[in-house]
Visitor: 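I'd like to ask some things about the structure below.
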There are 2 protein chains.
Amino acid sequence: MHQHHHELDEAAVHSLFCAHSLRFTRQRFAVYTALASEKVHPTADQLFKKLSRSDSGISLATVYNTLEALVKSGLAQKLADGGTSARYDAAVDDHLHIRDCATGSLSDVPEALGQKLLDNLPQHVLKQIEDELGFSIGRVQIELIGEYTRQAVEVN
Amino acid sequence: MHQHHHELDEAAVHSLFCAHSLRFTRQRFAVYTALASEKVHPTADQLFKKLSRSDSGISLATVYNTLEALVKSGLAQKLADGGTSARYDAAVDDHLHIRDCATGSLSDVPEALGQKLLDNLPQHVLKQIEDELGFSIGRVQIELIGEYTRQAVEVN
DNA sequence: GCCTATAATTATAATAGTTCTAAAACAGAA
DNA sequence: TTCTGTTTTAGAACTATTATAATTATAGGC
Ligand SMILES: [Mn+2]
Ligand SMILES: [Mn+2]
Ligand SMILES: [Zn+2]
Ligand SMILES: [Zn+2]
């Protein structure tokens, strides 16, 4: 389930971290809430700059460390940018991404639409691939690549 | 159409480059044939090392330059590795990739199987996404993420 | 509320991958 | 063959990320 846009108070994040065996620190709280409040999929550096602006004197190394910890404990995922840097996503469920060729930006397909596509994948073909290749498919990652034909509501 | 494993002589590559408005050089020939003969999806550095070993005294900068030229002219595609570096693929058609969680390796789903899945995507859902988001889908990029349950025939 | 063990943070250095620079070599057209 | 724009090249520069090692903070037991 997507967690973009939810309000996260300190207590909620504390117990979330606790449930994932992650120590609670001021810095991790800041990074996680900054990430979870993003509509887009920020780079480590973008998060660092955002956090530097707002307050806390958090270091870039900690942003990297925290993101790695979040990913390892299943509270975030790391996405490959088309370019040189990695992007992070506080939504850890299966969901589709859209890549706008024109800008290179990466955004989400709305939950319902994306789920509909995932639910209508031809299961028999996936099964056949698993059987023929001796491979167990854990996740089908889909990216729709193309261009906006009218102004997107929000593009990064 | 996949071009892995095809034999490529100098004349064939010459006319291929010509058709794509790419000058023919010894180095580009070497990079392109090295890439096209790979069953896996090599990094720039892997290609450089392979070429250094075999002969030609080609420079790393040229490997990068050539790969960029190939991608720009549609003779190769650049794939995002999960990690830090980019991978290249001489197959420019739509095709599915498999990522082995255990090793991080990226390999191809056989043409026929992959096409079968692409042909059986729910077109009405794709259409709905295009309509609702005002986005024109040029390509659906799919990656199957999981683990081999028996020994894969060839893994990098 | 303190103490302590352990883990996280930080500044900084190091590394890895890629791109830039500017000079020399080359391809292809005439 | 000559000419011109393109490509190649070594090396420097740059960007993203990871490692190091000293400092600081957290969580839990008292
Ligand atoms: Mn960065
Ligand atoms: Mn490299
Ligand atoms: Zn997302
Ligand atoms: Zn491929």
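All of these numbers come straight from a predicted model, not from anything done at the bench. Numbers restart at 1 for each chain; the letters A, B, ... are given by sequence-line order, proteins then strands.
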Visitor: Using the closest heavy atom to pick a nucleotide of DNA chain C for each, name whichever of B:Thr84 or B:Ala61 lands nearer the 5' end.
Guide: B:Thr84
Visitor: Once you apply a heavy-atom cut-off of 4.0 Å, does B:Ala69 come out as touching a base, just sugar-phosphate, or nothing?
Guide: nothing
Visitor: For B:Gly57, answer base if it contacts any base atom (sugar-phosphate contacts may also be present), sugar-phosphate if it contacts only those atoms, and nothing otherwise; contact means non-hydrogen atoms under 4.0 Å.
Guide: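 Counting heavy atoms under 4.0 Å across all strands, the contact made by B:Gly57 is with sugar-phosphate only.
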Visitor: Specify the separation, in whole Å, of atom CD of A:Glu10 and atom P of D:dT26.
Guide: 10 Å
Visitor: By nearest atom, which of the nucleotides C:dG28, D:dT7, D:dA27 is closest to the B:Phe24 side chain?
Guide: C:dG28
Visitor: Rounding to a whole Å, what distance do you find between B:Leu60:CG and C:dC20:P?
Guide: 14 Å
Visitor: Rounded to whole Å, please give me the gap between CZ in B:Phe17 and P in D:dT6.
Guide: 18 Å
Visitor: Report yes if a side-chain nitrogen or oxygen of A:Thr25 is closer than 4.0 Å to either non-bridging phosphate oxygen (OP1 or OP2) of C:dA7; otherwise report no.
Guide: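 False: A:Thr25 side-chain N/O out of range (4.0 Å or more) of C:dA7 OP1/OP2.
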Visitor: Does the side chain of B:Ile137 reach to within under 4.5 Å of the side chain of A:Ile145, using non-hydrogen atoms?
Guide: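 No, their side chains stay 4.5 Å or more apart.
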Visitor: Give B:Thr62 one of three labels, base, sugar-phosphate or nothing, depending on what nucleic acid heavy atoms sit under 4.0 Å from its own.
Guide: base
Visitor: Evaluate the ring planes of B:Phe24 and B:Phe29, with Trp represented by its six-membered ring, and classify them as parallel (under 30°), tilted (30 to 60°) or perpendicular (over 60°).
Guide: tilted
Visitor: Using whole Å, report how far CZ of A:Arg28 lies from C1' of D:dA25.
Guide: 11 Å
Visitor: Quick one: the side chain of B:Arg23 and the base of D:dT7, do they pair up donor-acceptor inside 3.5 Å?
Guide: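 Side chain to base: no pair present.
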Visitor: Could you check how far CG of A:Leu67 sits from P of C:dA8, rounded to whole Å?
Guide: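 About 15 Å, once rounded to whole Å.
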Visitor: Checking side-chain polar atoms at under 3.5 Å, does B:His97 have a donor or acceptor matched by the opposite partner on B:Asp89?
Guide: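 Looking only at side-chain atoms, B:Asp89 and B:His97 do form a donor-acceptor pair, the distance falling under 3.5 Å.
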Visitor: Side chains of A:Ser37 and A:Lys50: do they bring a donor and an acceptor to under 3.5 Å?
Guide: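 Their side chains do contain a donor-acceptor pair, which is all the 3.5 Å distance test asks for.
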Visitor: Is there a side-chain polar atom (N or O) of B:Arg26 under 4.0 Å from OP1 or OP2 of C:dC26?
Guide: no
Visitor: Between C1' on D:dG11 and CZ on B:Phe48, what's the gap in Å once rounded to a whole number?
Guide: 13 Å
Visitor: Return the nearest nucleotide to the side chain of A:Ser59; candidates are C:dT18, C:dG28, C:dA11.
Guide: C:dA11
Visitor: Take the protein atom CD of B:Gln27 and the nucleotide atom C1' of D:dT6, then report the distance between them rounded to whole Å.
Guide: 12 Å
Visitor: Under 3.5 Å, is there a donor-acceptor pair between the A:Asp81 and A:His41 side chains?
Guide: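 No, because no side-chain N or O of A:Asp81 sits under 3.5 Å from a partner of the opposite role on A:His41.
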Visitor: Looking only at side-chain N and O atoms, does B:Tyr64 come under 4.0 Å of OP1 or OP2 in C:dT19?
Guide: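 For B:Tyr64, the contact criterion (side-chain N or O under 4.0 Å from OP1 or OP2 of C:dT19) is not met.
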Visitor: Starting from P on C:dA8, measure out to OH on A:Tyr32 and report it in whole angstrom.
Guide: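 The distance from OH of A:Tyr32 to P of C:dA8 comes to 18 Å, rounded to the nearest Å.
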Visitor: Given C:dT9, C:dT18, D:dT17, which nucleotide is nearest the side-chain atoms of A:Asn65?
Guide: C:dT9
